[in-house]
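Written below as structure tokens is the structure these notes are about.
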Amino acid sequence: MAKRTYFTYRRTLFPTLYHSEESVRYAENEFQLLDDDVVTVSYPKSGTHWMLEILGLISHDGDPSWVQSVLTGERSPWIETVDGLKAALNYPPPRFLTTHQPFQLFPKSFLHSKCKIVYIMRNPKDVLVSYYYFAKIYAVLEEPGTMEEFVEKFLNGKVVYGSWFDHVKGWLELKDRPNLFFITYEELYQDLRGSVEKICHFLGKELASHQLDEVAKYASFQIMKDNKMSNFSLLPNMDHSKGKFMRKGICGDWKNHLTVAQSEHFDHVYQEKMQGVGVTFPWD
Ligand code: PPS
């Protein structure tokens with residue numbers, strides 16, 4: 001089994017197994033974004049793979065053959081990881097790319113690029129719970145400890161990719177840029193087909209009604225959880241006997257896992273840290 005060790009780059013934690021200081025630094029300072037790139041950006045456990053499935057299906061007019069024959073990480077590599085960076089550099093445009101980087105570590109070339117960015121967010125309490133159970137089975141992340149301990153780590157940003165609050169606030173500062181599109185896990189959950197239409201509109205892609213139906217069908221939790229290219233079942237360093245990446249796929253599961261005291265403590269920190277953000281989220 002892999003070592004669950006981390007390194008720190010500009011005050012952000014990264015796991016040593018898939019990332020290196022060189023890959024993270026290269027992604028930030030040297031990586032050239034192209035105008036026709038479509039980049040999915042998210043804090044971990046926010047619905048990243050869901051968005052990647054949706055984008056892959058949209059690009060193929062709802063035909064599932066691509067998303068069901070090519071691994072997610074190959075379809076849309078993570079630019080800050082060692083292997084993902086190599087794949088991204090060899091990817092013939094137009095490229096799909098992915099990152100969990102906070103804005104301050106995102107490629108600087110962004111400032112001169114018209115690349116399209118889809119930023120997906122999720123209720124941070126659900127993110128926390130999803131992260132906690134994922135860390136238990138994914139031998140790349142530190143053992144999460146008890147839920148009590150993990151709540152503290154999460155609220156203090158002592159987890160891989162840093163603070164949820166800083167991530168979301170940092171990216172939301174760019175919300176008026178025309179090449180950024182913000183969407184939540186909750187919106188996808190409430191109305192997947194309607195959300196797909198909005199994403200198509202942002203991408204400038206027109207799909208016929210039956211093609212929108214196909215995208216929504218193949219991006220559903222039920223179908224995605226059986227797609228070996230997306231469900232992590234082929235991923236090494238995961239204890240598949242203890243749990244699944246496609247765990248529950250619902251909104252509000254935090255209510256089943258956080259105590260009243262933990263939830264109130266979370267709310268207190270949330271209110272303090274999100275003060276003045278000026279955005280109403282579906283979970284507010
Ligand atoms: S990662 O590893 O950080 O990139 O994880 P990420 O893909 O961002 O988030 C994983 C959670 O997304 C859920 N998921 C889905 N929910 C609903 N429908 C679909 N199609 C779907 N695909 C992935 C996945 O189950 C994880 O959430 P939890 O709450 O753990 O189930």
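Model, not experiment: these values are computed from the prediction. Just so you know, ligand 1 is whichever comes first in the structure, and atom 1 is the first atom listed for that ligand.
For the residues Gly243, Ser130, Ser230, the heavy atom positioned nearest atom 30 (O) of ligand 1 is part of Ser130.
Counting heavy atoms under 4.0 Å from ligand 1, residue Tyr189 does not touch it at all. Proximity of Arg122 to ligand 1, defined as any heavy-atom pair under 4.0 Å, is confined to the side chain (atoms from C-beta onward).
Using bins of under 30°, 30° to 60° and over 60° for the plane-to-plane angle, the ring pair Phe165/Phe266 lands in the tilted bin.
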TODO: Could you check Asp83 against Thr81 for side-chain hydrogen bond (donor to acceptor under 3.5 Å, both in side chains), going step by step and ending with a plain yes or no?
DONE: CA-CA 6 Å; Asp83 290 347; Thr81 66; over 6 Å; no

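A distance below 6.0 Å separates the ring centres of Trp171 and Phe106. Here the two rings, on Tyr133 and His257, have centers that are under 6.0 Å apart.
Proximity to Pro44 (heavy-atom distance under 4.0 Å) selects the following atoms of ligand 1: 3 (O). Short contacts between ligand 1 and Met224, defined as distances under 4.0 Å to a heavy atom of the residue, involve ligand atoms 20 (N), 22 (N). Of all atoms in ligand 1, numbered sequentially from 1 with element shown, those under 4.0 Å from a heavy atom of Phe245 are 2 (O), 5 (O), 7 (O), 10 (C), 24 (C), 25 (O), 26 (C). Taking a cut-off of under 4.0 Å to the non-hydrogen atoms of Thr48, the atoms of ligand 1 that pass are 4 (O), 6 (P), 7 (O), 8 (O). Annotation for ligand 1: atoms under 4.0 Å from non-hydrogen atoms of Ser220 are 20 (N). Each of the atoms 21 (C), 22 (N), 23 (C), 25 (O) of ligand 1 lies under 4.0 Å from some heavy atom of Met246.
For atom 20 (N) of ligand 1, the closest non-hydrogen atom of the protein is Ala219 O, 2.9 Å. Annotation: atom 12 (O) of ligand 1 to nearest protein heavy atom, Tyr185 CE1, 3.9 Å.
Within the 4.0 Å heavy-atom shell around ligand 1 one finds His100.
Note: no N/O pair closer than 3.5 Å links Phe134 and ligand 1 by distance alone. Ligand 1 has an N or O atom lying under 3.5 Å from an N or O atom of Lys45, backbone or side chain. In terms of N/O distances under 3.5 Å, ligand 1 is not approached by Ile250. Checked against a 3.5 angstrom limit, the closest N/O atoms of Ser42 and ligand 1 fall outside it.
Taking 4.0 Å as the cut-off between side-chain N and carboxylate O, Asp35 and Lys116 do not count as a salt-bridged pair. The pair Lys205-Asp61 counts as a salt bridge, with a side-chain nitrogen and a carboxylate oxygen less than 4.0 angstrom apart. With salt bridges taken as basic N to acidic carboxylate O contacts below 4.0 Å, one links Lys125 and Asp267. A salt bridge links Arg75 to Glu53: one of the charged nitrogens lies within less than 4.0 Å of a carboxylate oxygen.
Only one option out of Glu21, Glu28, Glu22 pairs with Arg25 in a side chain to side chain donor-acceptor pair (under 3.5 Å); it is Glu21.
Side chain of Asp126 to backbone of Trp254: a donor-acceptor contact under 3.5 angstrom is found.
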